[in-house]
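A quick write-up on the structure given underneath.
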Amino acid sequence: MRKVWILVGLLGVAACSPVRPMVTEPSMAVASAGRFPVTVERGRWAGLNSTPIGVYIDRKLVAVVGGGQVVTMYVNEGRHSVGVGPDRGPPDVLVPNDELAVDVSSESRPILRTNVSAMGYGGWKIERVSQ
């Protein structure tokens, strides 16, 4: 019985391991001429910090962020939809659950905040922190 509890404890620790924030679209990972930063911050919520959230630009999955982390993508100037949703799965599942229209330019440095809502069953939410 003791071995079972040790195994359960180890699995619990592994399930809470942090997700490394990453930009999965190489062209958006580094600053370059004509591209400007869009930053997505993720809040913390007990028990769901290790649940990765996918970040979408124009309905394309471009980054993954975990609880309490920040990811910055470099996007062409103009209006873009920035959304959050699942970070993996079949193509028909990889669509944003919530989106915002964001204007990106040399004068604009949008910062957005996301989190899992309703204990993970209500999906993902995104809000504008600054433009």
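Reckoned from all heavy atoms, side chains included, excluding hydrogens, waters and symmetry mates. The first residue of the sequence shown is numbered 1, and numbering continues consecutively from there.
- Ser108 places a side-chain N or O within 3.5 Å of a backbone atom of Asp103 that can act as its donor or acceptor partner.
- When the side chains of ILVMFWY residues are joined at heavy-atom separations under 4.5 Å, either directly or via intervening members, Tyr56 and Val95 end up in two distinct hydrophobic clusters.
- In this structure, the side chains of Ser106 and Phe36 come closer than 4.5 Å at one or more pairs of heavy atoms.
- Every pair passing side-chain hydrogen bond (donor to acceptor under 3.5 Å, both in side chains) that includes a residue from residues 81-90 is listed here, sequence neighbours excluded: Ser81-Glu99.
- Linking Ile, Leu, Val, Met, Phe, Trp and Tyr whenever their side-chain heavy atoms come within less than 4.5 Å puts Val71 and Val75 in one cluster.
- Residue Leu61 is not grouped with residue Met73 when hydrophobic side chains (ILVMFWY) are merged at heavy-atom distances under 4.5 angstrom, including chains of intermediate members.
- The minimum heavy-atom distance linking Val102 with Pro110 is given by the pair CG1-CG, 3.3 Å.
- Between the Asp98 side chain and the Ile126 main chain, a donor and an acceptor come within less than 3.5 Å of each other.
- A chain of hydrophobic side-chain contacts below 4.5 Å, direct or via other Ile, Leu, Val, Met, Phe, Trp or Tyr residues, connects Leu100 to Val104.
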- Task: Starting from the C-alpha separation in whole Å, work towards a yes-or-no answer on side-chain contact (heavy atoms from CB on, under 4.5 Å) for Met28 and Ile57.
- Result: CA-CA 10 Å; Met28 293 184 179; Ile57 303 284; 4.2 Å; yes
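- Side-chain contact check for Thr72 versus Val38: every heavy-atom pair is 4.5 Å or farther apart.
- For the residue pair Gly83 and Pro96, the shortest heavy atom distance occurs at CA-CB, 4.1 Å.
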- What do the steps show when you test Thr114 against Glu41 for side-chain contact (heavy atoms from CB on, under 4.5 Å), and what is the final call? CA-CA 6 Å; Thr114 185; Glu41 301 174 340; over 6 Å; no
- Item | Derivation and outcome, side-chain contact (heavy atoms from CB on, under 4.5 Å), residues Arg42 and Val70 | CA-CA 6 Å; Arg42 167 131 179 238; Val70 176; over 6 Å; no
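- Note that CZ of Arg79 and CG of Asp58 are 11.5 Å apart. Values are rounded to the nearest 0.5 Å.
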- Task: Would you please test Val55 and Val65 for side-chain contact (heavy atoms from CB on, under 4.5 Å) and show each step?
- Result: CA-CA 7 Å; Val55 179; Val65 65; 4.1 Å; yes
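- A continuous path of ILVMFWY side-chain contacts below 4.5 Å connects Leu112 to Val23, so both sit in one hydrophobic cluster.
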